[in-house]
Amino acid sequence: MSRQKASYKWMILFIATLSQACATFVTYGAGPLAALWQRLYDLSQFQTGLLVSAVQIGPIFSMLFFGNWMDRYGERWLVGGGSILLGISMLFAYRADHYLYLTGVLLAAGVWYGTAQPGGSKAVVKWFPSHHRGLAMGIRQTGIPIGGAVASAALPLVFYQYGWHGAVLMQAAAAIGGGLLFLVFYREYPSSPEKKNIYASSKNHAYFSR
C-alpha cells in the first residue's frame, strides 16, 4: 500500500464512522422520541413500542438488497444517497398528524438505514489490510453507540426547547449531512497497476480463447 493510500484509509475510516453515527442518530433516536410522543399524544405501551420497532424492521430486509447492490456498483452512492434519503424520509415526519402516518414514515426511514451497515463495513474491508482490519472495524462500529448516545442526550433537550418538530429536523439534518460527507470524501479503493494489467490480460486471453 502506497503512503498516500495508507494515509487516506484513516480518512475513509473517519467518514465511515461519522456517517454511521449520523444514520444511527435517526434510528436510535426513535426510542427517546417515542417516549416523548407517548406522553404528548397519550399513546398506549403497544403503540409506543411499535414506533420503535417500525424503524428497526426496514433494515432487516433492505440490508440484503443493498449489500448485493454494493457488490455490483460500489458503496459510495448507495451509502451517501441512502443516508440522504433517510434524512428526507424523516422530514415527512415533520407534518405527521396521525399515528399510522408517523409509523409509516419511521418504517420507510428504517429501509434507508439499511445502506449504512454493509456499506461502512465493505469500505473498511477494502481499504484496510488484514492486520489492521479488526481494529478499523471496531472503530467504525463505535459509530452505532455514539449515534445512539448523542441521540438519547440531545433529542429530549431539543424536544423540550423546540418541540418534536425541532427534534425531527435535527435528525433529518444529521442524516443528510452524514450522507453528503460520505459522497464528497469517500473514494473507491484504487487498484494497483499490476492488478489492472492482470485483469486486462485475463480478459484478452478469454476473448481470444473463444
Indicate, with yes or no, if V79 and V125 share a hydrophobic cluster defined by side-chain heavy-atom contacts under 4.5 Å among Ile, Leu, Val, Met, Phe, Trp and Tyr.
yes
Of all heavy-atom pairs linking A34 and V52, the shortest is CB-CG2, 3.7 Å
Do Y160 and L36 come close enough that some side-chain heavy atom pair is under 4.5 Å?
yes
For the residue pair W127 and Y8, categorise the inter-ring angle as parallel (less than 30°), tilted (30 to 60°) or perpendicular (more than 60°).
tilted
Close side-chain approach of K9 and P129, heavy atoms under 4.5 Å:
yes
Measuring only between side-chain heavy atoms, which start at C-beta, is Y113 closer than 4.5 Å to F66?
no
Treating Ile, Leu, Val, Met, Phe, Trp and Tyr as nodes and any side-chain heavy-atom pair under 4.5 angstrom as an edge, say whether L107 and I60 lie in one connected cluster.
yes
Heavy-atom nearest pair, L91 first then A172, reads CD2-CB, 3.6 Å
Close side-chain approach of Q117 to K122, heavy-atom, < 4.5 Å
no
Exactly one of P59, S89, S62 clears side-chain contact (heavy atoms from CB on, under 4.5 Å) with V111, and that residue is S62
Approximate separation, where rounding is to 0.5 Å, of F159 CZ and M170 CE
14.5 Å
Measure the spacing between CH2 of W37 and OG1 of T48 and express it to the nearest 0.5 Å.
10.5 Å
Return the OG1 to NE2 distance between T103 and H98, rounded to the nearest 0.5 Å.
9.5 Å
Please report the shortest heavy-atom distance between G29 and A151, naming the atom on each side.
CA-CB, 3.7 Å
When rounded to the nearest 0.5 angstrom, what distance separates CD1 in I57 from CG in L50?
6.5 Å
Are M137 and M11 co-members of a hydrophobic cluster defined by side-chain heavy atoms under 4.5 Å apart?
yes
Got a donor-acceptor contact below 3.5 angstrom from the Y99 side chain to the Q47 backbone?
yes
Could you tell me whether a side-chain N or O of R140 sits under 3.5 Å from a main-chain N or O of T17, the two making a donor and an acceptor?
no
Is the ring pair F182/Y186 parallel, tilted or perpendicular, if the boundaries are 30 and 60 degrees?
parallel
Is it the case that the side chain of S83 and the backbone of A175 share a donor-acceptor pair, with hydrogens and angles ignored and the cut-off at 3.5 Å?
yes
Given side-chain contact (heavy atoms from CB on, under 4.5 Å), test Q20 with T24 step by step and report yes or no.
CA-CA 6 Å; Q20 177 71 65; T24 307; 3.1 Å; yes
Evaluation steps, side-chain contact (heavy atoms from CB on, under 4.5 Å), between W10 and F128
CA-CA 9 Å; W10 297 106; F128 280 82; 3.8 Å; yes
Mark yes or no for whether R187, through its side chain, and V184, through its backbone, hold a donor-acceptor pair below 3.5 Å.
yes
Side-chain H-bond candidate by donor/acceptor type, Y41 with W164, under 3.5 Å:
yes
Is there a donor-acceptor pair closer than 3.5 Å between any side-chain N or O of Q171 and the backbone N or O of V26?
yes
Residue pair N68 / L64, side-chain heavy-atom distance below 4.5 Å
no
If you count heavy atoms of other groups shown closer than 6.0 angstrom to CZ of F14, is the number above 12?
no
pair E75-T115: side-chain heavy atoms closer than 4.5 Å:
no
Spatial distance of atom CG (L183) from atom CZ (R76) [nearest 0.5 Å]
6.0 Å
L180 side chain near I84 side chain, heavy-atom distance below 4.5 Å:
yes
Minimum heavy-atom separation for L155 to A167, with atom names?
CD2-O, 3.7 Å
Taking every heavy atom of G166 against every heavy atom of V158, the minimum-distance pair comes out as C-CG1, 3.6 Å
Are side-chain N/O atoms of Q56 and Y28 paired as donor and acceptor at under 3.5 Å?
no
Can you tell me if OH on Y162 sees more than 12 non-hydrogen neighbours from other groups inside 6.0 Å?
no
In the single-linkage hydrophobic clustering (I, L, V, M, F, W, Y; side-chain heavy atoms under 4.5 Å), do V168 and L40 co-cluster?
yes
Which atom pair, heavy atoms only, marks the closest approach of A109 to M90?
CB-SD, 4.0 Å
Membership question, hydrophobic clusters at under 4.5 Å side-chain separation (ILVMFWY): are F92 and W112 in the same one?
yes
Are F185 and I12 side-chain neighbours, meaning at least one heavy-atom pair lies under 4.5 Å?
no
Between T142 (side chain only) and I139 (backbone N and O only), is there a donor and an acceptor less than 3.5 Å apart?
yes
To the nearest 0.5 Å, what is the distance between OG on S152 and CG on L157?
11.0 Å
